[in-house]
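Just so we're on the same page: letters track the sequence lines, and every chain starts at 1. Note that the coordinates shown come from a computational prediction; the quantities given were computed from them, not determined experimentally. Basis for what follows: all heavy atoms, side chains included, without hydrogens, waters or symmetry-related copies.
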Protein chains: 2
Amino acid sequence: MERRRQARGERRMAEILDAAADAFAELGYEKASTNAIAARAGISPGSLYQFFPSKEAVARALADRFVTDMRAAHASAFGGADVAGMDLGELLDLVVDPLVAFNLANPGFKALFARPDMPSALAESSQPIQAAMLGQVESILDARVPGLAPADRARSARVLVRVFQAMTPLVAAAPEEERPAEIAELKRVLGGYLTSLSA
Amino acid sequence: MERRRQARGERRMAEILDAAADAFAELGYEKASTNAIAARAGISPGSLYQFFPSKEAVARALADRFVTDMRAAHASAFGGADVAGMDLGELLDLVVDPLVAFNLANPGFKALFARPDMPSALAESSQPIQAAMLGQVESILDARVPGLAPADRARSARVLVRVFQAMTPLVAAAPEEERPAEIAELKRVLGGYLTSLSA
DNA sequence: GATTTTTGCGAGCAATCGCTCGCGTTTGAA
DNA sequence: TTCAAACGCGAGCGATTGCTCGCAAAAATC
C-alpha cells in the first residue's frame, strides 16, 4: 500500500521527524501532542496525517532514523580495532566518546528509548539496536574477560548498557565545563566494573 | 485550612494512597487517572476529592509516605555502624540490601521518583530524601576515600545514587531465582567504582 | 432529638487528546 | 492543456482527562 511521494513530500517527512525529535526531547513522548509536532513542523494537523498514519508511526519512523544514525556513528568509531590487546583506558575512550557525542547531539533519542511507558510497537523498533549493542558489548567482554560463562556474559553486558544509559542524562544535564569530568566518571564506573569482573 | 477528619476518613486516605501506589506502579503517573485510582480504592471520583484537592496532592502525599518509610528502613539498617573500618563487601551488603528490599516491596516508588516528566511540586517532595541520601553517601565516601575534594565527592555521590537507581529496575524485572545474581552485579558495579576511586 | 460537619455518590463539565473529513491548491505525467 | 494524484488546510469529532456540583446518608456535637 506504498504511496507515491513527491520530492516535496519526502522533505516534509524529514521535517516532521525533526519536529517530533524536538518535541519528544522537550516534552516527553506523551505530552508531545501530534498538533504540537505539526505546529513545530510548520504544517497543519491534517498534513501530518498525510505522511504518517498515527503518532506511534511517527515515533517508529523517528526511532528507525535514530537507529540508523547511531549504527553509523558507532560503526565508524569502532572500525576493526584491536579490542583484546588494547589498554582499558583507550578502549573506553574508543567506545564511550562517540556514543556520548551521539546522545548529546540527539536529545530526542533517550526520550524515545528510555521511557518505561512507551507503546509496545516502539519497543519492537528499539529491539534491534538494543540487541546489536548488547552483542557488541558481549564481544568486547569475550575479548577482555575470557573466562565468563555465557549467562554471566549476557548479564554483564546488560549491566554495562544500563549503566551507560543511566549516566548519559547526568552528562547531558551537566554544565558545559563539567562535562569532561562527568564523562570521566562514566568511564570510571564502566572501567571499575570491568576490572572487577577480571579479578 | 486543615479540615477535621474522622477516623474513617483517615483510613480512607490511607486506602487511597495504597490504590494510588498500585496504579502508579502499574500504569505510570500520567496514565493512572484519578477515576482509576478512585475505582481501585473502591470509592467514587467525588469522594477522592474530598480528601485530596488534586491528583498532584495525592502523588505528593504518597511521596511523603514513601520518604518516611524509606528513611525508617534505611536508618534501622544503618544504625551506627563502623563505616570506615569495615570490609567493602560488608559495607555494600549493609547499605544495598535494605534499599533493594524497600524498592522491591514498594513498586510504586520508582514510578513516582524516577520519572523525568513529573510535576515540579513532586520534585520538591523528592528533594529532601534525595538530599538525605546524597548526604549519607557523601559521608561514606568521606570515610572510605578521604583524599577527595568536596566537588569530586559530591559528583561521586551523584554517580553512586544514579547507578543504584538505574540497576534497581533490572533487579526487580529479573525472575526470582536470578535476583541474587543481579544484586551481586549491582554491588560489583558500586564496589568497582569505589575501589577505582581509592586507587 | 436537633443541627452541623464529614463522608459518600455519580453524572457531567471544560479542556485536551489523537485523529478525520471536506475541500482547495500544487505538481507531474500524458 | 488536461487531469488524476499528491499536498495542504483547519474546524471539529469522539474519547478521555482532571475535577465539580448537587444532593443524600452517616457521624459527631450540642
Phe102(B): ring pair (Phe, Tyr, Trp, His ring centres under 6.0 Å) partners, not counting sequence neighbours |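 Once residues adjacent in sequence are excluded, the partners of Phe102(B) under the ring pair (Phe, Tyr, Trp, His ring centres under 6.0 Å) criterion are Phe109(B).
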
Can you tell me if the side-chain N/O atoms of [X] get under 4.0 Å from OP1 or OP2 in [N]?
X: Arg11(B); N: dT7(C); result: no
X: Tyr49(B); N: dT20(D); result: no
X: Arg8(B); N: dG8(C); result: yes
X: Ser47(A); N: dC9(D); result: yes
X: Arg12(A); N: dG8(D); result: yes

Counting N and O atoms only, with roles assigned by atom type, does the side chain of [X] sit under 3.5 Å from a partner on the main chain of [Y], one being a donor and the other an acceptor?
X: Asp87(B); Y: Gly89(B); result: yes
X: Ser196(B); Y: Gly192(B); result: no
X: Arg71(A); Y: Ala132(A); result: no

Flag the pair Arg5(A) / Met13(A) as yes when at least one side-chain heavy-atom distance between them is below 4.5 Å, and no otherwise.
->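 Of all side-chain heavy-atom pairs linking Met13(A) with Arg5(A), at least one is under 4.5 Å.
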
Whole angstrom is fine here: how far is it from [atom1] in [X] over to [atom2] in [N]?
X: Arg3(A); N: dA6(D); atom1: CZ; atom2: P; answer: 6 Å
X: Leu48(A); N: dC21(C); atom1: CG; atom2: C1'; answer: 16 Å
X: Gln50(B); N: dA24(D); atom1: CD; atom2: P; answer: 15 Å
X: Ile37(A); N: dC17(C); atom1: CD1; atom2: C1'; answer: 12 Å
X: Glu30(B); N: dG18(D); atom1: CD; atom2: P; answer: 9 Å
X: Ile43(B); N: dA26(D); atom1: CD1; atom2: P; answer: 17 Å
X: Lys31(B); N: dT17(D); atom1: NZ; atom2: C1'; answer: 12 Å
X: Glu10(A); N: dG8(D); atom1: CD; atom2: P; answer: 12 Å

Of Pro45(A) and Gly9(A), whose closest DNA chain D nucleotide lies nearer the 5' terminus?
->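 On the 5' side of the pair lies Gly9(A).
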
Could you work out which one of dC19(D), dG10(C), dT20(C) sits closest to the side chain of Ser44(B)?
->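 Side chain of Ser44(B) sits closest to dG10(C).
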
Minimum-distance nucleotide (side-chain atoms of Thr34(B) versus dA6(D), dG10(D), dC19(D)) =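 Selected nucleotide (nearest to the side chain): dC19(D).
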
Given side-chain hydrogen bond (donor to acceptor under 3.5 Å, both in side chains), test Ser156(B) with Tyr193(B) step by step and report yes or no.
-> CA-CA 9 Å; Ser156(B) 292; Tyr193(B) 179 69; 3.1 Å; yes

Pick out the pairs of N or O atoms, protein on one side and nucleotides 28-30 of chain D on the other, that lie under 3.5 Å.
from: dT29(D); atom 1: OP1; to: Arg4(B); atom 2: NH2; distance (Å): 3.0

Can a donor-acceptor pair under 3.5 Å be found between the side-chain atoms of Asn35(A) and the base atoms of dC17(C)?
->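 No, the side chain and the base share no sub-3.5 Å donor-acceptor pair.
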
Ion pair present between Glu182(A) and Arg179(A), side-chain N to carboxylate O less than 4.0 angstrom?
->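 A salt bridge is absent here (no side-chain N lies under 4.0 Å from a carboxylate O).
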
Return the set of residues passing salt bridge (charged side-chain N to carboxylate O under 4.0 Å, His left out) with Glu15(A) (not counting sequence neighbours), or none when no residue passes.
->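 Residues passing salt bridge (charged side-chain N to carboxylate O under 4.0 Å, His left out) with Glu15(A): Arg12(A).
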
Under 4.0 angstrom, heavy atoms only, what part of the nucleic acid is Ala32(A) near: base, sugar-phosphate, or nothing?
->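 Sugar-phosphate contact only.
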
